[in-house]
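A short worksheet on the structure shown next.
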Amino acid sequence: MKVRKIQINIEEFSGGEPLPEADRKLLTAAQQTLHTSYAPYSGFHVGAAVYLANGEIITGSNQENAAYPSGLCAERVALFYASSRYPGVDVEAIAISAGADNFPVDYPVTPCGACRQVLAEIETRQKKKIRIIMHGQNGLTQVVNGIENLLPLMFNEEKLKGLK
Ligand code: THU
């Protein structure tokens with residue numbers, strides 16, 4: 001037996017530190033879509049913005065349901081719409097922002113496990129890494145280049161085909 005250590009790389013920008021211009025623009029689009037969130041059950045509003053290789057920005061917000069599991073996260077709303085509106089166009093980046101009814105979101109919001117799996121599927125399909133920009137309302141922004149930084153040991157199409 002041996003213990004294997006896996007390293008993940010996260011770029012961190014403190015509240016006062018300027019983001020790269022493209023990241024700032026995408027995060028602003030995510031923030032501007034927050035008001036479209038339908039979150040009467042959790043009171044937690046999430047906005048996502050996807051930057052495509054054709055220059056389009058597609059936004060989405062979380063959409064909840066009285067039957068809780070029927071709701072969908074902002075990231076998947078945006079990613080699935082992007083893929084259906086522009087099939088075959090690569091996803092370059094996604095920005096995530098959040099706000100809550102009862103408290104300030106002072107930490108970066110990271111995608112849930114199911115959204116990470118969807119990001120893994122897209123990366124595998126397009127053979128190109130996605131830049132993931134994570135923010136709350138205030139403070140720190142975290143950025144990763146590639147889903148392996150959020151989903152190490154992921155299951156994807158390669159495993160299904162016996163590759164690796
Ligand atoms: N949510 C997202 O939309 N994205 C995330 O990254 C985290 C969670 C939503 C799902 C649900 O509507 C609410 O936030 C509380 O979990």
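Ligands are counted one by one from 1 in listed order, and the atoms in each one are counted from 1 as well.
Clustering of Ile, Leu, Val, Met, Phe, Trp and Tyr by side-chain heavy atoms under 4.5 Å joins Leu160 with Phe155.
Taking every non-hydrogen atom of Pro111 and a distance limit under 4.0 Å, the qualifying atoms of ligand 1 come out as 6 (O). Every atom of ligand 1 with a heavy atom of Val109 under 4.0 Å away is listed here by number and element: 6 (O). Less than 4.0 angstrom separates some heavy atom of Glu64 from each of these atoms of ligand 1: 11 (C), 12 (O), 13 (C). The distance from ligand 1 to the heavy atoms of Ser42 drops below 4.0 Å at these ligand atoms: 13 (C), 15 (C).
Per-atom contact check: atom 3 (O) of ligand 1 touches the protein, criterion being a heavy-atom distance below 4.0 Å.
Assignment of Val77 to the shell around ligand 1 is not supported, since no heavy atom sits closer than 4.0 Å.
Under 3.5 Å, the side chains of Gln63 and Asn65 contain no donor-acceptor pair of N or O atoms. Side chains of Ser42 and Glu64: a donor-acceptor N/O pair is present below 3.5 angstrom, by distance only. Counting only N and O atoms by type, the side chains of His135 and Ser97 include no donor and acceptor under 3.5 Å apart.
Nearest residue to atom 9 (C) of ligand 1 from Ile96, Asn65, Asn62 is Asn62 (criterion: closest heavy atom).
The environment of Glu157 atom CD is sparse: at most 12 non-hydrogen atoms of other residues, nucleotides or ligands sit within 6.0 angstrom.
We find that Lys129 and Glu148 are joined by a salt bridge, their nearest charged nitrogen and carboxylate oxygen being less than 4.0 Å apart. For the pair Glu92 and Lys128, the salt-bridge criterion is met [side-chain N within less than 4.0 Å of a carboxylate O].
At a heavy-atom cutoff of 4.0 Å, ligand 1 is contacted by the side chain of Glu75 but not by its backbone.
Of the polar atoms of Cys73, none of the N or O atoms is found under 3.5 Å from an N or O of ligand 1, judged by distance alone.
Atom 1 (N) of ligand 1 has Val46 CG2, 3.6 Å as its closest protein atom, hydrogens excluded (heavy atom only).
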